[in-house]
Amino acid sequence: MKKICLLLLILLFNGCKEREITIPLPYEGDKMVVYAILSPSEIVKVLVSKTYPPTGKEIYTEGINNAEVLLYENTILIEKLTYTANGIYISASNFKPKAGFSYSLKINSPTLPSITTNEEVIPDLPVVESYQFDEKMESGLNKGKPAKKFFLTLKDKNPGSDFFSVSLFAVRGVRKAQLTAFAIEQASGTDSPCFFLYSNQQVIMSDICFQGSIYYFKRGYELDPIFLKRNLGGEDIDKVEGQIRTLSKSYYEYSRTYYTAFELEQAFSPPYPRYSNIKGGYGIFAAYNETVLELSPD
């Protein structure tokens with residue numbers, strides 16, 4: 001019996017040796033990766049980084065610091081953005097985009113292929129007809145946790161295809177935490193063709209269900225004291241902010257293709273490409289416009 005156990009231990013240790021993977025992994029070479037979401041409420045900021053080979057042999061760097069980032073408004077060059085740190089380039093003139101105007105980027109690098117973007121039009125503000133946030137309820141996610149109902153009436157004034165999003169944030173002093181949304185009616189479930197949940201908190205909608213008409217938004221939002229204390233430093237909050245946005249199609253598509261596998265699921269999940277609209281590279285160049293509603297937490 002002892003000899004058998006000894007033999008099993010020898011086989012176990014000899015069978016666990018690390019082996020180098022010899023399968024060639026596809027890689028098309030280093031390319032720039034860009035992330036830029038424009039809004040009339042924000043100074044233009046662009047994050048520039050790069051792709052990495054799948055071998056894991058290259059040391060990660062915090063963004064590209066020697067790029068030339070050119071911003072165009074209605075095809076006219078208006079500014080060369082200034083590098084700050086960690087691959088972030090900003091407008092030195094504190095420029096903010098304007099609704100109805102189109103913007104694009106061209107980015108050059110001494111070591112990587114240049115990239116360009118399509119023109120992205122800043123959408124108009126969302127039309128909020130009415131809203132209500134005063135009816136308390138039990139959370140539909142965690143039994144016994146407090147929550148409130150949020151009713152919102154949106155009007156779609158454009159004949160074309162429009163995209164919207166709704167997020168609620170608890171605010172305490174200078175700290176802010178996004179509240180988790182949940183359905184309060186079966187028709188508002190996550191399988192609705194009208195919308196989807198982005199990271200389980202931001203509700204993103206297409207006007208497919210209310211084009212040229214009215215949309216009645218109904219969701220519950222959890223106000224869990226444990227969550228508030230952990231994220232805001234206390235259970236008492238000053239207010240709840242409703243962030244209502246109109247989105248460009250690129251913003252909508254980028255959010256729609258978001259997917260994250262967790263833990264062991266990563267090993268068995270097939271490749272899931274994220275939407276990209278960067279020519280010559282990867283990433284996203286999109287736009288939104290927003291109205292912020294101040295809601296009572298009581």
Side-chain angles (χ1 to χ4, degrees), residues 23-40 42-93 95-123 160-161 163 198 204 247-261 269-289:
I23 300 173
L25 298 174
Y27 185 62
E28 59 182 354
D30 293 353
K31 292 182 181 294
M32 277 191 279
V33 179
V34 177
Y35 181 85
I37 309 292
L38 304 187
S39 167
E42 300 286 343
I43 296 170
V44 172
K45 179 171 66 174
V46 178
L47 172 63
V48 184
S49 58
K50 63 184 286 292
T51 57
Y52 292 88
T55 58
K57 294 182 179 179
E58 185 162 335
I59 298 175
Y60 174 77
T61 57
E62 295 184 348
I64 303 242
N65 61 10
N66 59 354
E68 178 187 53
V69 182
L70 305 175
L71 175 67
Y72 294 81
E73 181 183 73
N74 294 338
T75 71
I76 298 173
L77 176 64
I78 59 170
E79 189 172 353
K80 176 183 175 181
L81 302 187
T82 301
Y83 177 72
T84 56
N86 300 325
I88 297 174
Y89 296 77
I90 64 170
S91 166
S93 66
F95 178 80
K96 296 180 180 180
K98 298 180 282 291
F101 285 65
S102 67
Y103 296 89
S104 59
L105 294 173
K106 181 177 181 180
I107 304 178
N108 302 310
S109 167
T111 57
L112 297 167
S114 297
I115 66 96
T116 58
T117 71
N118 289 329
E119 293 183 60
E120 194 77 357
V121 177
I122 308 296
S161 181
F163 307 94
Y198 180 49
I204 295 185
L247 315 173
S248 67
K249 188 175 188 297
S250 297
Y251 190 120
Y252 177 85
E253 293 295 341
Y254 184 73
S255 303
R256 189 177 63 83
T257 55
Y258 173 80
Y259 174 77
T260 301
S269 297
Y272 195 90
R274 189 90 189 256
Y275 173 83
S276 173
N277 61 356
I278 306 299
K279 299 176 182 177
Y282 298 99
I284 183 64
F285 180 65
Y288 71 90
N289 205 343

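Other residues, nucleotides and ligands place no more than 12 heavy atoms under 6.0 Å from the NZ atom of Lys80. Atom NZ of Lys31 sits in a crowded spot, with more than 12 heavy atoms from other residues, nucleotides or ligands closer than 6.0 Å.
Residues Val34 and Phe285 have side chains not in contact (no heavy-atom distance under 4.5 Å, counting atoms from C-beta outward). At a threshold of 4.5 Å between non-hydrogen side-chain atoms, the residues Tyr275 and Ile284 count as touching. Within the 4.5 Å cutoff, no side-chain heavy atoms of Asn277 are placed close to those of Thr117. Using a 4.5 Å heavy-atom cutoff, the side chains of Asn74 and Phe101 are in contact. Taking the side chain as every heavy atom from C-beta outward, Glu120 and Leu105 never approach each other to under 4.5 Å. Contact annotation: the side chain of Lys50 never approaches that of Val33 to less than 4.5 Å [non-hydrogen atoms, C-beta and beyond]. When side chains are defined from C-beta on, Glu119 counts as touching Ser104, because their heavy atoms get closer than 4.5 Å. Looking at Ser91 and Leu71, their side chains never come closer than 4.5 Å, going by heavy atoms from C-beta outward.
Atom CD1 of Ile88 is separated from atom CD1 of Ile64 by 13.5 Å, given to the nearest 0.5 angstrom. Separation of atoms CD1 (Ile37) and CD (Glu42) is listed at 11.5 Å; rounding is to 0.5 Å. Atom-to-atom distance recorded for Leu247:CG and Ser39:OG is 10.5 Å, nearest 0.5 angstrom. Separating the OH atom in Tyr198 from the OH atom in Tyr252 is a distance of 13.5 Å, to the nearest 0.5 Å. Rounded to the nearest 0.5 angstrom, Asn108 CG and Leu70 CG are separated by 6.0 Å. Rounding to the nearest 0.5 Å gives a distance of 10.0 Å between CE of Met32 and OG of Ser49.
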*Evaluate the side-chain contact (heavy atoms from CB on, under 4.5 Å) criterion for residues Ile204 and Phe163: first the C-alpha distance (whole Å), next the side-chain angles of each, then the deciding distance (0.1 Å), finally the verdict.*
CA-CA 7 Å; Ile204 295 185; Phe163 307 94; 5.8 Å; no

*Show your reasoning for whether side-chain contact (heavy atoms from CB on, under 4.5 Å) applies to Glu68 and Tyr89.*
CA-CA 9 Å; Glu68 178 187 53; Tyr89 296 77; over 6 Å; no

*Take Ile122 and Lys98, measure what side-chain contact (heavy atoms from CB on, under 4.5 Å) needs, and give me the verdict at the end.*
CA-CA 7 Å; Ile122 308 296; Lys98 298 180 282 291; over 6 Å; no

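Results of the side-chain contact (heavy atoms from CB on, under 4.5 Å) test with Ile278 over Asn118, Ile115, Thr116 single out Ile115 as the only residue that passes.
When atom types are taken as modelled, the side chain of Glu79 and the backbone of Ser93 share a donor-acceptor pair closer than 3.5 angstrom.
Ring-plane geometry between Tyr251 and Tyr288 is classed as perpendicular, the angle between the planes exceeding 60 degrees on a 0 to 90 degree scale with a lower cut at 30.
Annotation for Ser248 and Pro123: closest pair N-CG, 4.3 Å, computed over non-hydrogen atoms.
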